[in-house]
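Chain A is the first sequence line, chain B the second, and so forth, proteins listed ahead of strands; every chain is numbered from 1.
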Number of protein chains: 2
Amino acid sequence: MRVAEFDREFVLRQAMLAFMQFGYAKTSMQKLTQVTLLHPGSLYAAFGNKKGIFLAAIEQYQTDRNEQFTALFCPTQPVLPNLRCYIDSIVSECITGDAMKVCLLTKSISEVEGQDAQINEVLSANLNAYENALTQQFSRAKSQNEIQNVRSAQQLARFFAMSLYGLRTYALTNRDADALALLADDIFNAIK
Amino acid sequence: MRVAEFDREFVLRQAMLAFMQFGYAKTSMQKLTQVTLLHPGSLYAAFGNKKGIFLAAIEQYQTDRNEQFTALFCPTQPVLPNLRCYIDSIVSECITGDAMKVCLLTKSISEVEGQDAQINEVLSANLNAYENALTQQFSRAKSQNEIQNVRSAQQLARFFAMSLYGLRTYALTNRDADALALLADDIFNAIK
DNA sequence: CCTTATCTTGAATGTACACTCAAGATAAGG
DNA sequence: CCTTATCTTGAGTGTACATTCAAGATAAGG
């Protein structure tokens with residue numbers, strides 16, 4: 001007879017940013033109440049427990065990323081320039097140094113791998129979906145003769161995803177714009 | 001008038017393995033007492049606090065890795081075959097699924113980045129040293145005409161290091177031996 | 001073999017955490 | 001406007017944590 005007052009998307013994006021910045025273990029419920037502007041009772045009523053907030057935040061993260069992805073990789077445009085834009089946007093995120101410099105999925109799987117089966121499954125599924133989305137793009141690039149590479153679209157997607165994971169990790173200790181730009185060039189050249 | 005009874009290297013390697021498996025936050029002092037077979041008092045007397053144990057474990061990790069590295073990259077042998085062996089050994093570590101499948105340095109920097117200045121510095125310094133060691137190898141490979149790549153030795157080293165960071169991350173959700181072998185091939189081809 | 005400095009032991013301490021719950025507030029239905 | 005279901009509030013609870021410390025054990029020096 002009464003509707004929830006808080007904005008679910010706002011709450012989950014705030015939680016998402018906290019998890020990206022501090023990691024799962026170091027994001028306390030107190031910190032979550034602060035950034036979401038919700039009290040413990042409301043958070044527990046809405047999401048069950050800390051793990052529930054985390055899984056919901058991951059879902060929100062993936063939703064947001066999918067939107068960006070489909071917006072950037074418009075099917076009427078050639079793939080390669082879009083891929084280039086995509087890499088450059090990631091380099092930008094790495095340089096600015098805010099929470100988005102990390103990928104919530106890879107940061108989380110690196111932290112909690114082997115600790116919770118459910119979290120592992122969700123993260124794996126999302127990372128696989130990401131790889132599949134990239135495979136589709138490489139497949140289209142090949143069919144449009146944008147890429148004359150002998151490697152399969154899946155293989156190119158895997159290499160590309162792997163490289164981006166590495167790029168974000170590398171950027172954690174070297175935020176030099178030129179160095180990251182050169183690495184981005186290398187990645188781009190390696191998938192052409 | 002009495003000498004310490006425990007084997008410092010054993011203790012630090014056990015701690016190192018725990019930190020690699022569980023991460024910094026989830027490796028409790030209780031767990032450290034279990035794996036090191038030492039009581040809290042001894043650990044605190046020897047290393048000050050948990051952070052001290054962590055930093056000492058990182059030092060041990062780097063010492064061990066340097067030994068392996070200099071053993072593998074013998075200066076009388078050509079570089080490229082050694083690099084190939086090196087990648088393959090990392091792929092093996094990723095597949096076996098034990099603690100060594102992760103790099104303590106990158107896993108730690110991913111978890112605690114921005115949380116403790118001292119830990120950040122130590123991890124950054126060690127990762128830089130790793131990049132420099134790789135640069136030396138690529139430099140030698142170029143001077144011996146093993147590599148006709150136009151990119152600088154430093155650039156090749158950065159790309160190689162980045163790729164390995166990515167490979168280890170990728171392997172966390174896809175431990176398929178064939179997939180990892182193909183990615184290893186791609187990395188090797190991209191630096192030749 | 002006795003002294004003494006140092007190590008070892010593990011129970012105890014204070015703190016921070018995830019989580020609960022009962023009381024209070026508020027919106028929809030009649 | 002009153003009822004009632006649901007949300008909000010925040011103090012409270014039990015647990016797990018990092019850390020301490022005083023008592024006991026043990027090796028080296030004289």
Does a nitrogen or oxygen in the side chain of A/Gln30 sit under 4.0 Å from OP1 or OP2 of C/dA18?
no
Donor on one side chain, acceptor on other, A/Gln136 and A/Arg140, under 3.5 Å
no
Any side-chain donor paired with an acceptor under 3.5 Å for A/Gln60 and A/Asp64?
yes
Within this structure, what is the [atom1]-to-[atom2] distance between [X] and [N], rounded to whole angstrom?
X	N	atom1	atom2	result
A/Phe47	C/dC19	CZ	C1'	16 Å
A/Leu38	D/dG10	CG	P	12 Å
B/Lys50	D/dC17	NZ	P	9 Å
B/Asn49	D/dT20	CG	P	8 Å

A/Ser42 side chain, from C-beta outward: closest of D/dT8, C/dA11, D/dA11
D/dT8
Less than 6.0 angstrom separating the ring centers of A/Phe6 and A/Phe10, yes or no?
no
Once the angle between the rings of A/Phe159 and B/Phe159 is folded into 0 to 90°, is it parallel (under 30°), tilted (30 to 60°) or perpendicular (over 60°)?
tilted
With sugar-phosphate meaning primed atoms plus P, OP1 and OP2, does B/Phe6 contact a base, only sugar-phosphate, or nothing at under 4.0 Å between heavy atoms?
sugar-phosphate
For DNA chain C, determine which residues of residues 7-29 of chain A have any heavy atom closer than 4.0 angstrom to one of its atoms, and list them numerically.
A/Thr27, A/Ser28, A/Met29
Return one dot-bracket line describing DNA chain C 5' to 3' (Watson-Crick or G-U wobble pairs, both distances under 3.5 Å; ( ) same strand, [ ] crossing, | another strand, . none).
||||||||||||||||||||||||||||||
